[in-house]
Amino acid sequence: MNYFLTYAFYVLILSVLMGISTWKLFKKLGYNPLFSFIPFYNYFIILKETKHPKWWAILSYLPIVGPIMMSVFHLYLMKKFGKTLFKDRLLTVILPFIYMATVNYGKDVELEDENDLFLTDEEKEAKKKDSFIGSVTFAVVFATIIHVFVTQPFGIPTGSMERTLLVGDFLFVNKWSYGYRLPMRPLAIPFLQGTIMDTGEKGNPKDDPKSYVDGVKLPYERIFQFNKPQKNDVVVFNYPQDSVHTATDRKDPYVKRCVAVAGDTFEMRAGRLFVNGKPETVLGDQEVQHAYTVNTGTQLDIPSMYNTYGFLPVREMQNEKGGFTYMFQGLTDQTAKDIKTLPNVISMEENIYPKDSATISYKLNADKTAYTKSIDTTQSIFPINKSWNQDWYGPLKIPKKGDVVTINQESLPTYQWIISEYEHNSLENKNGKIFINGKETNQYTIQQDYYMMIGDNRDASLDARFFGFVPEENIVGKPMFTWMSIQGAFKDASSSYQAPFKVRWDRMFKATNTGEANKTSYWWIAAMILILFFGWEYFVKLFRKKKTGED
């Protein structure tokens, strides 16, 4: 069903429930009881009668924001009829339409007189508390609106984009860069992505409580799409093969560089990236880096190297001869050249997988009687039937909307996720025959564009070479700027050494997607905005005092 038709269906259900549970209350307010059934207008009346800004009614049915505002409006209505005890408020929030119906059909419910002249000191104090709670609630709602409909904060916990984006960079993502993707799970806890907290098996999100109601769902829809991801864009997207969350917009957010768009051919040759047969274009802010193995006679002074080169994730091992072996995740050509000249370095070699050796990982599955081994698709090369690895990959053509692709036993691993998961068809492979939506076929028409998202730190990036194509519907947007950068904010489990803690002031409030080597920091603009935001009330009061003194 179309997004807006589905949305209208939900609004209709909520409006009917609202009308059934409050029509008598509206009548006692002096209105036609049918008004309680009219979407938006019913809450407009409540706000008018409770002396709150009437435009808030616009927020009553918005995804994610709506449920919060509805609860607030219901509390306003119940207060109008004297239901102000804690139990009344609790029941209004957790069982809104049921509790309001008990009040609606009760015989003794009457309007309360809210004249301040007759309020006791305790009631006046309670009114002040309500005003404060209301202010806090609206601040949360305002922040939720910004988070859901405009921009979203995003942290970099891994080094897959070093040295373009560093571990500990915190970004704001523009959700309108490629058109706004409408929320797919409208009933959700604000600010939480997929789960509430890690309550089950540690590190296993499958048994954690979800932050959204999966049963209330809306289909994919994107509005005002004037641009699509382009080659070299840094893009935030939802991890395609997330098996925990069925909702696309609730899957884990990833950030990588879009290296190939729909219709392009992607390839890796000896760790070097090619698109349509040509070497990649390296932007000014992008530093190509590769993994190296370094053997030394004595221990390297890694902490002092951090002062020169910044944090270099490395695994240190002592060998039998008393020397040391270092596995560096990613070194730029210049850094590798400098390390090679150190007097205690015996040998240094770039790590490149042999050609035609597939990267396949396995996982053990607990059975009732024994352990069985199966392919771990998240850590294995995509597609799993190719003898490719992260250094020798492809050529692989990126599917484009309208492409008609051949489906057989050889090509099925390349397209099976597209057919069954991303484009929601039933797919069966029986007796060497392939059935899509119950019909045997040897071809399929692609329904949306796909992209190849790869990390700049190629040898330390779990990217599209492992999880495959990224569907257009998974695209969130573009990172706009780094608002905070903290070295040491996240631990690197793969490194023997950890980055020392420090705030990287020089990275704050710099744009992320310009491609320039030396970006301008706009921290002073941010400081001015913060001063105005927090100091506005002070300056207004100061001006009023001065004006009163002059009068």
Side-chain angles (χ1 to χ4, degrees), residues 160 178 220 225 227-235 237-241 248 254 256-282 353 355-360 375 377-425 427 429 434 436 441-456 458 461-475:
S160 67
Y178 308 114
Y220 165 71
Q225 186 178 21
N227 296 300
K228 292 196 173 190
Q230 303 296 312
K231 282 195 281 286
N232 292 315
D233 282 358
V234 177
V235 178
F237 58 94
N238 297 108
Y239 177 55
Q241 293 193 14
T248 301
Y254 273 39
K256 308 288 181 188
R257 189 178 296 278
C258 177
V259 298
V261 300
D264 286 339
T265 299
F266 170 80
E267 190 175 3
M268 296 289 295
R269 304 175 193 168
R272 274 59 180 173
L273 192 152
F274 291 79
V275 178
N276 299 327
K278 298 177 181 178
E280 67 173 315
T281 301
V282 180
Y353 282 82
K355 193 174 184 180
D356 296 326
S357 62
T359 300
I360 302 294
I375 293 176
T377 54
T378 61
Q379 300 292 327
S380 298
I381 210 71
F382 170 87
I384 58 172
N385 66 330
K386 300 291 186 181
S387 58
W388 298 344
N389 54 60
Q390 49 266 57
D391 291 322
W392 294 95
Y393 189 97
L396 178 68
K397 187 178 179 182
I398 317 304
K400 185 177 183 179
K401 182 177 180 179
D403 282 353
V404 179
V405 296
T406 301
I407 303 297
N408 52 39
Q409 299 302 319
E410 174 65 23
S411 65
L412 186 60
T414 303
Y415 300 111
Q416 63 182 7
W417 275 82
I418 289 178
I419 298 169
S420 62
E421 303 299 323
Y422 307 151
E423 300 187 359
H424 317 293
N425 300 283
L427 175 65
N429 187 6
I434 297 168
I436 298 177
T441 185
N442 61 358
Q443 64 181 27
Y444 178 77
T445 302
I446 304 296
Q447 300 299 309
Q448 61 178 315
D449 287 338
Y450 291 83
Y451 301 88
M452 206 70 179
M453 306 292 187
I454 307 292
D456 285 353
R458 301 283 153 71
S461 176
L462 185 65
D463 50 39
R465 292 169 294 179
F466 297 90
F467 54 69
F469 311 117
V470 175
E472 184 175 306
E473 69 176 30
N474 286 57
I475 303 296

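Everything numeric in this text was worked out from a predicted model, so none of it was measured.
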Colleague: Could you report the tightest heavy-atom contact between F466 and S461, atom names first, then the distance?
Modeller: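 Between these two residues, the closest heavy atoms are CE1-O, 3.7 Å.
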
Colleague: Between CE of M268 and CG of L273, what distance do you get to the nearest 0.5 Å?
Modeller: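 Separation between the atoms: 5.0 Å.
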
Colleague: Would a 4.5 Å heavy-atom cut-off, applied to side chains only, mark P395 and F274 as touching?
Modeller: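 No, their side chains stay 4.5 Å or more apart.
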
Colleague: Looking at every heavy atom in both Q416 and P413, which two are closest together, and how far apart are they?
Modeller: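 Looking at all heavy atoms of both residues, the shortest contact is CG-O, 4.0 Å.
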
Colleague: Mind checking whether L462 and Q379 have side chains closer than 4.5 Å, heavy atoms only?
Modeller: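 Yes. Closest side-chain heavy atoms under 4.5 Å.
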
Colleague: Nearest 0.5 angstrom please: T406 OG1 to Y415 OH, how far?
Modeller: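 The distance works out to 8.0 Å.
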
Colleague: Taking the side chain as everything from C-beta on, heavy atoms only, tell me whether N276 gets closer than 4.5 Å to T265.
Modeller: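 Side-chain contact under 4.5 Å: yes.
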
Colleague: Going from CG on N429 to CD1 on I436, what distance comes out if it is rounded to the nearest 0.5 angstrom?
Modeller: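 With rounding to 0.5 Å, CG (N429) is 10.5 Å from CD1 (I436).
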
Colleague: Please report the C-alpha distance between L396 and T414 in whole Å, then the side-chain angles of each, then the deciding distance to 0.1 Å, and finally whether the side chain to side chain contact (heavy atoms under 4.5 Å, CB included) criterion is met.
Modeller: CA-CA 9 Å; L396 178 68; T414 303; 4.2 Å; yes

Colleague: Is the side chain of R257 donor-acceptor paired with the backbone N or O of N232 at a distance under 3.5 Å, no angle test?
Modeller: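 Yes, the answer is positive, given that a donor and an acceptor are paired below the 3.5 Å cut-off.
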
Colleague: Are the side chains of T281 and K231 in contact, using a 4.5 Å heavy-atom criterion?
Modeller: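 They are not in side-chain contact.
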
Colleague: Checking Y239 now: which residues fulfil ring pair (Phe, Tyr, Trp, His ring centres under 6.0 Å) with it, not counting sequence neighbours?
Modeller: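 For Y239 the ring pair (Phe, Tyr, Trp, His ring centres under 6.0 Å) partners, ignoring immediate neighbours, are Y254, F467.
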
Colleague: Between atom CZ of R272 and atom CG of D391, what is the distance when rounded to the nearest 0.5 Å?
Modeller: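 Separation between the atoms: 8.5 Å.
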
Colleague: Minimum heavy-atom separation for V261 to P229, with atom names?
Modeller: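 Taking every non-hydrogen atom into account, CG1-O, 3.5 Å.
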
Colleague: Verify side chain to side chain contact (heavy atoms under 4.5 Å, CB included) between I434 and N442, making sure each step is shown before the conclusion.
Modeller: CA-CA 7 Å; I434 297 168; N442 61 358; over 6 Å; no

Colleague: Taking C-beta and beyond as the side chain, do V405 and I418 meet within less than 4.5 Å on heavy atoms?
Modeller: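 They are not in contact (no side-chain heavy atoms under 4.5 Å apart), so the answer is no.
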
Colleague: Which atom pair, heavy atoms only, marks the closest approach of P240 to Y422?
Modeller: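 Where P240 meets Y422 most closely, the heavy atoms are CB-OH, 3.1 Å.
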
Colleague: With a 4.5 Å cut-off on side-chain heavy atoms, are D233 and Y178 touching?
Modeller: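 Side-chain contact under 4.5 Å: yes.
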
Colleague: Just checking K386: does its NZ atom have more than 12 heavy atoms from other residues, nucleotides or ligands closer to it than 6.0 angstrom?
Modeller: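 Atom NZ in K386 is packed in, count exceeds 12.
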
Colleague: Could you tell me the separation between the CD1 atom of I398 and the SG atom of C258, rounded to the nearest 0.5 Å?
Modeller: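 Taking CD1 in I398 and SG in C258, the distance rounds to 9.0 Å.
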
Colleague: Applying the side chain to side chain donor-acceptor pair (under 3.5 Å) criterion to E472, which one of Q448, K228, Q447 satisfies it?
Modeller: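 Filter result, single survivor: K228.
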
Colleague: Which value, rounded to the nearest 0.5 Å, describes the distance between F266 atom CZ and I454 atom CD1?
Modeller: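 Going from CZ on F266 over to CD1 on I454, the span is 4.0 Å.
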
Colleague: Below 4.0 angstrom, N of the basic side chain to O of the carboxylate: do R458 and E280 qualify?
Modeller: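 Salt bridge present between R458 and E280.
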
Colleague: Determine the minimum heavy-atom distance between Q409 and N385, stating which atoms define it.
Modeller: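 Closest heavy-atom pair between Q409 and N385: O-ND2, 4.5 Å.
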
Colleague: Any non-hydrogen side-chain atom of R465 less than 4.5 Å from a side-chain atom of T359?
Modeller: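 No. Closest side-chain heavy atoms not under 4.5 Å.
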
Colleague: Report the residues that fulfil side-chain contact (heavy atoms from CB on, under 4.5 Å) with W392, sequence neighbours left out, ordered by chain and then residue number.
Modeller: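 W392 satisfies side-chain contact (heavy atoms from CB on, under 4.5 Å) with R269, A270, I352, K355, N389 only.
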
Colleague: Are side-chain heavy atoms of M453 and D463 found at a separation under 4.5 Å?
Modeller: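 M453 does not reach D463 side chain to side chain.
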
Colleague: State, to 0.1 Å, how close I381 and Q390 come at their nearest heavy-atom pair, and which atoms those are.
Modeller: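 Between these two residues, the closest heavy atoms are CD1-N, 3.7 Å.
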
Colleague: Identify, with sequence neighbours excluded, every residue that meets ring pair (Phe, Tyr, Trp, His ring centres under 6.0 Å) alongside F469.
Modeller: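 Partners of F469 under the ring pair (Phe, Tyr, Trp, His ring centres under 6.0 Å) test: F382.
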
